[in-house]
Amino acid sequence: MPTDRLQAPTEPRVVLPPLDDASPHALHDAAVLDRVHVVDVDSAGADLAELALSECHVERWQASGAVLRHAHLVESRLERLDAAQLDAGRSVWRDVEVVASRIGSIDLSDASIRSVAFVGCKLGHVNLRAARARDLTFRDCTIDTLDVGDAELDRAAFPGSTVHTLELPRATLRHVDLRGLEPRVVTPVESLAGAVIDDVQLSLLAPAFAAHLGIGVVG
């Protein structure tokens, strides 16, 4: 895809209205939260399935082992989210910023994602298998493994970020800008169709492309 035709993701513009301060227990006590600011939340191991956040700011959120399956997060900012494991399969994210957070493993399989940005985050394993994501940005993030197997990824970028392992089995990519990344492992390389890479990445991936095409390289 020529770079002049590459469409950049639309990043979320989370402009929150005046918010009411809520108790740190509010996320556990209510299924729906609107226009609140919650600080110092401890949701370790909590079942928050089907939680709905709209125009909220959640700050300093301990969420190791929390379950957010089928949750809806809309026009909200999550700041300094800390979780060893987070189960958010089949959740819905729209116009959300995740800022300065540390997540060991986040399950976003089968999730619906639209206009979401992870900014300044340290992420271990990001599972986007079978997710439908459009306008997804990882800015200034460190990611150990990004798995987008069977996912549909439309307009995504990784400015200032690093990814160690990129797993792409049966992924559908459109307008995915991988320039600047230097993943040590990309599998399978044929699933890079629909992505844009730079010349440095091309040279790094050349042995894998040659192996895939059955080309012998003699030094």
Side-chain angles (χ1 to χ4, degrees), residues 1 6-9 63-65 67-69 81 83-93 96 98 101-215:
M1 178 188 300
L6 177 66
Q7 297 179 16
S64 289
V67 177
L68 287 166
R69 296 187 70 82
L81 170 64
Q85 292 181 319
L86 188 63
D87 181 358
R90 298 189 178 181
S91 54
V92 175
W93 301 59
V96 175
V98 183
S101 298
R102 297 173 61 91
I103 307 174
S105 175
I106 181 169
D107 182 358
L108 290 166
S109 58
D110 291 297
S112 176
I113 296 169
R114 180 69 181 264
S115 192
V116 171
F118 289 82
V119 182
C121 297
K122 183 174 177 56
L123 307 168
H125 186 271
V126 180
N127 179 10
L128 284 166
R129 280 191 169 263
R132 298 160 307 286
R134 185 171 188 178
D135 295 319
L136 177 60
T137 303
F138 292 91
R139 181 178 298 279
D140 300 324
C141 293
T142 300
I143 305 170
D144 292 337
T145 300
L146 178 62
D147 184 351
V148 293
D150 297 298
E152 296 179 11
L153 193 55
D154 188 2
R155 297 204 301 250
F158 302 80
S161 294
T162 61
V163 174
H164 183 279
T165 300
L166 182 58
E167 299 180 357
L168 299 162
R170 299 171 302 281
T172 301
L173 307 182
R174 292 181 291 271
H175 302 286
V176 175
D177 189 352
L178 298 176
R179 290 175 296 175
L181 291 182
E182 294 185 14
R184 297 182 187 177
V185 179
V186 178
T187 57
V189 291
E190 62 267 27
S191 291
L192 282 169
V196 171
I197 62 176
D198 57 33
D199 54 353
V200 173
Q201 292 168 316
L202 179 59
S203 65
L204 292 172
L205 291 169
F209 285 129
H212 172 65
L213 294 172
I215 300 173

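- With sequence neighbours excluded, the residues satisfying salt bridge (Lys or Arg N to Asp or Glu O under 4.0 Å) with Asp154 are Arg134, Arg174.
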CA sep, side-chain torsions, deciding dist, call: Leu81, Leu86, side chain to side chain contact (heavy atoms under 4.5 Å, CB included) = CA-CA 10 Å; Leu81 170 64; Leu86 188 63; 4.1 Å; yes
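- Qualifying side-chain contact (heavy atoms from CB on, under 4.5 Å) partners for Ala133, counting only residues two or more places apart in sequence or in other chains: Ile113, Leu136, Leu153.
- In this structure, Arg155 CZ and Ser115 OG are separated by 9.0 Å, a value rounded to the nearest 0.5 Å.
- Note: Leu166 CG to Leu192 CG = 6.5 Å, rounded to the nearest 0.5 Å.
- Nearest heavy-atom pair across Cys141 and Ser161 is N-OG, 2.9 Å.
- Checked against side-chain contact (heavy atoms from CB on, under 4.5 Å), Asp107 has the following partners two or more places apart in sequence or in another chain: Arg69, Asp87, Ser109, Asn127.
- Note that CG of Leu128 is 11.0 Å distant from CG of Leu168, once rounded to the nearest 0.5 Å.
- Rounded to the nearest 0.5 angstrom, Ile106 CD1 and Gln85 CD are separated by 11.5 Å.
- Not one N or O on the side chain of Thr165 forms a donor-acceptor pair closer than 3.5 Å with the backbone of Thr145.
- With values rounded to the nearest 0.5 angstrom, Glu167 atom CD is found 8.5 Å from Leu146 atom CG.
- Residues forming a ring pair (Phe, Tyr, Trp, His ring centres under 6.0 Å) with Phe138 (at least two apart in sequence, or on another chain): Phe118, Phe158.
- Annotation: salt bridge (Lys or Arg N to Asp or Glu O under 4.0 Å) contacts of Asp150 (sequence neighbours excluded): Arg129, Arg170.
- Residues in residues 109-122 take part in these salt bridge (charged side-chain N to carboxylate O under 4.0 Å, His left out) pairs, two or more places apart or across chains: Arg114-Asp135.
- With values rounded to the nearest 0.5 angstrom, Leu181 atom CG is found 7.5 Å from Ile143 atom CD1.
- Looking only at distances, a side-chain donor or acceptor of Ser91 sits under 3.5 Å from a matching main-chain atom of Ala88.
- Of all the heavy atoms in Ala195 and Leu173, the pair that sits closest is CB-CD1, 4.1 Å.
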